[in-house]
Colleague: 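Just dropping this structure here.
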Protein chains: 2
Amino acid sequence: MIDIYSVLFNKIIAGEYPANIRLKEEVLSAEFNISRTPVRAVLQQLEQDGLVQISPNKGAKVLPFSADEIEEIYEIRKSLELLCLEISAPILSMQKLLELKREMITNLNKEDVKIHADLDAKLHDYLINSTGKKRLIQMLNQLFRLIQKFRSLGFMQKDTKESATKEHIEIIDAISMRNTVLAKELMRKHIDNSKMIALGQLYKF
Amino acid sequence: MIDIYSVLFNKIIAGEYPANIRLKEEVLSAEFNISRTPVRAVLQQLEQDGLVQISPNKGAKVLPFSADEIEEIYEIRKSLELLCLEISAPILSMQKLLELKREMITNLNKEDVKIHADLDAKLHDYLINSTGKKRLIQMLNQLFRLIQKFRSLGFMQKDTKESATKEHIEIIDAISMRNTVLAKELMRKHIDNSKMIALGQLYKF
DNA sequence: TAATGTATAATTGTATACAAATAAATTTCA
DNA sequence: TGAAATTTATTTGTATACAATTATACATTA
């Protein structure tokens with residue numbers, strides 16, 4: 001059941017369904033060889049992701065997932081992640097920050113896309129999870145799932161790998177100096193840059 | 001089905017269930033005289049509200065809804081509503097703003113709690129909906145549902161009615177002057193004040 | 001007795017059957 | 001013909017039955 005969820009999730013993100021097309025329970029049941037009951041549960045999950053809209057007695061239709069959507073998600077992400085930074089920056093351990101910085105420097109010029117995508121996730125996840133705010137963490141994770149494809153694709157270009165990691169280092173430095181205002185300003189720019197890179201990847205779908 | 005959702009929703013918000021208590025499908029079915037199928041759907045909704053946690057094969061348990069939760073929700077709300085303001089402030093119509101201001105002034109000294117609660121909702125909803133950002137709107141509406149009880153209770157005290165409405169007027173004025181920075185600063189303080197008032201109402205449960 | 005294993009009960013997960021609502025096709029009548 | 005009414009088909013909503021999993025109670029053994 002978790003499986004058919006992620007299959008549908010990825011298909012919608014990838015734009016494999018025409019916008020506003022109706023997802024009929026029976027059709028999906030047949031397609032995945034399961035009954036309608038778990039299909040309905042999956043459709044409800046997708047509705048909460050904002051990927052489909054369910055109307056009473058009319059079923060689920062696929063919502064458009066366009067550049068506007070990605071733009072909006074990045075703006076929301078920025079607001080929430082800046083809130084995270086405000087909360088976590090003053091309490092992060094110097095040791096962990098230095099460790100992260102060392103890792104960033106070590107891998108600055110590496111080619112492997114996965115290394116950079118993982119490092120990116122590691123820093124952001126650390127800042128977010130350190131807040132200990134369960135709702136905030138859950139909301140950001142949900143947003144990340146929606147844009148994860150675009151995030152990793154962004155690291156395909158060599159210069160974005162390097163510039164993103166440099167921005168990470170600057171952010172870590174600002175936090176280490178306990179300069180939260182500067183850290184937030186750098187993070188704001190960093191997420192704006194990420195947004196532009198993500199939008200640049202859109203044509204690939 | 002929508003009915004049993006709101007009943008359970010309100011019971012959890014009101015703290016009528018001990019934290020971590022398990023909500024068994026069969027028990028709820030019997031209680032509401034419906035089958036387990038719609039009960040399961042409702043529990044999934046409540047999970048998305050962050051009010052229960054569902055674990056595979058273990059069912060749903062009620063999550064604690066404490067002062068910490070309310071504090072966190074207000075902080076998230078503040079971040080997202082400031083984003084809304086940034087987007088909508090430059091494009092709001094002078095006419096509608098003046099109309100709202102007039103309404104605020106007219107009702108400034110009214111006793112009726114409902115009048116003030118409605119005015120509060122009217123302004124905030126206006127600023128939020130004018131952004132046209134569907135996800136942002138949906139997220140804020142979900143947060144509002146969680147704190148609505150505390151919002152209205154806050155207007156029971158006479159001085160909060162008046163001060164909140166005065167803050168609304170100041171915010172409208174700043175927007176009218178197209179001074180978004182000032183509007184955001186005033187909104188930040190306004191939501192912080194609302195948070196304190198909401199937290200002050202907590203003991204009533 | 002305490003720990004482990006086994007049987008039983010309770011609970012969740014899924015499939016299927018039927019009811020209710022909606023959409024599509026057909027008929028009726030001006 | 002064409003609009004309204006009626007019937008039929010399709011689809012979603014709910015109830016129920018059964019399967020799979022987890023929790024509990026009991027028995028066994030060291």
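Since the structure is predicted, the reported quantities are computational estimates derived from the model, not experimental observations. By convention in this document, chain letters (A, B, ...) are assigned in the order of the sequence lines, proteins followed by strands, and residues within each chain are numbered from 1.
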Colleague: Check the distance between D:dT14's C1' and B:Q44's CD and give it to me in whole angstrom.
Modeller: 15 Å

Colleague: Going through the checks in order, is the ring-ring contact (aromatic ring centres under 6.0 Å, His included) test met by A:H168 and A:H116?
Modeller: CA-CA 11 Å; A:H168 287 159; A:H116 287 269; 9.1 Å; no

Colleague: Check the pair A:R36 / A:E25 against salt bridge (charged side-chain N to carboxylate O under 4.0 Å, His left out), numbers first and verdict last.
Modeller: CA-CA 6 Å; A:R36 278 176 52 217; A:E25 297 174 1; 2.9 Å; yes

Colleague: Could you give the CZ-to-C1' distance, from A:R40 to C:dT14, as a whole number of Å?
Modeller: 14 Å

Colleague: What verdict does the salt bridge (charged side-chain N to carboxylate O under 4.0 Å, His left out) test give for B:E185 and B:R188, after you've listed the backbone C-alpha separation in whole Å, the side-chain angles of each residue and the deciding distance to 0.1 Å?
Modeller: CA-CA 5 Å; B:E185 193 47 43; B:R188 187 189 309 276; 3.6 Å; yes

Colleague: Could you tell me the separation between the CG atom of B:L43 and the C1' atom of C:dT12, rounded to a whole number of Å?
Modeller: 11 Å

Colleague: Quick one: which of D:dT12, D:dT16, C:dT12 gets closest to the side chain of A:K24?
Modeller: D:dT12

Colleague: Consider the side chain of A:I34, meaning its heavy atoms from C-beta on, and name the nucleotide among D:dT12, C:dA15, D:dC18 that approaches it most closely.
Modeller: C:dA15

Colleague: Looking at the side chain of B:P38, which of D:dT14, D:dA23, C:dT12 is the nearest nucleotide?
Modeller: D:dT14

Colleague: From the options D:dA23, C:dT12, C:dA15, select the nucleotide whose nearest atom is closest to the side chain of B:K58.
Modeller: D:dA23

Colleague: What integer distance in Å separates A:I4:CD1 from C:dG13:P?
Modeller: 15 Å

Colleague: How many Å lie between CD on A:E26 and C1' on D:dG13, as a whole number?
Modeller: 13 Å

Colleague: Using the ring of B:F144 (Phe, Tyr or Trp, six-membered ring only), decide whether B:R151 places NZ or CZ under 6.0 Å from its centre and within 45 degrees of its axis.
Modeller: yes

Colleague: Rounded to the nearest Å, what distance is computed from the CZ atom of residue B:R22 to the P atom of nucleotide D:dT22?
Modeller: 11 Å

Colleague: Tell me the interatomic distance from A:R36, atom CZ, to D:dT10, atom P, rounded to whole angstroms.
Modeller: 15 Å

Colleague: Return whichever of B:T37 or B:L23 has its heavy-atom-nearest nucleotide of DNA chain C closer to the 5' end.
Modeller: B:L23

Colleague: Verify the contact: side-chain N or O of A:S35 to OP1 or OP2 of C:dA15, cut-off strictly under 4.0 Å; return yes or no.
Modeller: yes

Colleague: Classify the ring geometry of B:H190 against B:H124: parallel below 30°, tilted from 30° to 60°, perpendicular beyond 60°.
Modeller: parallel

Colleague: To the nearest angstrom, how far is A:E25 atom CD from C:dA21 atom C1'?
Modeller: 13 Å

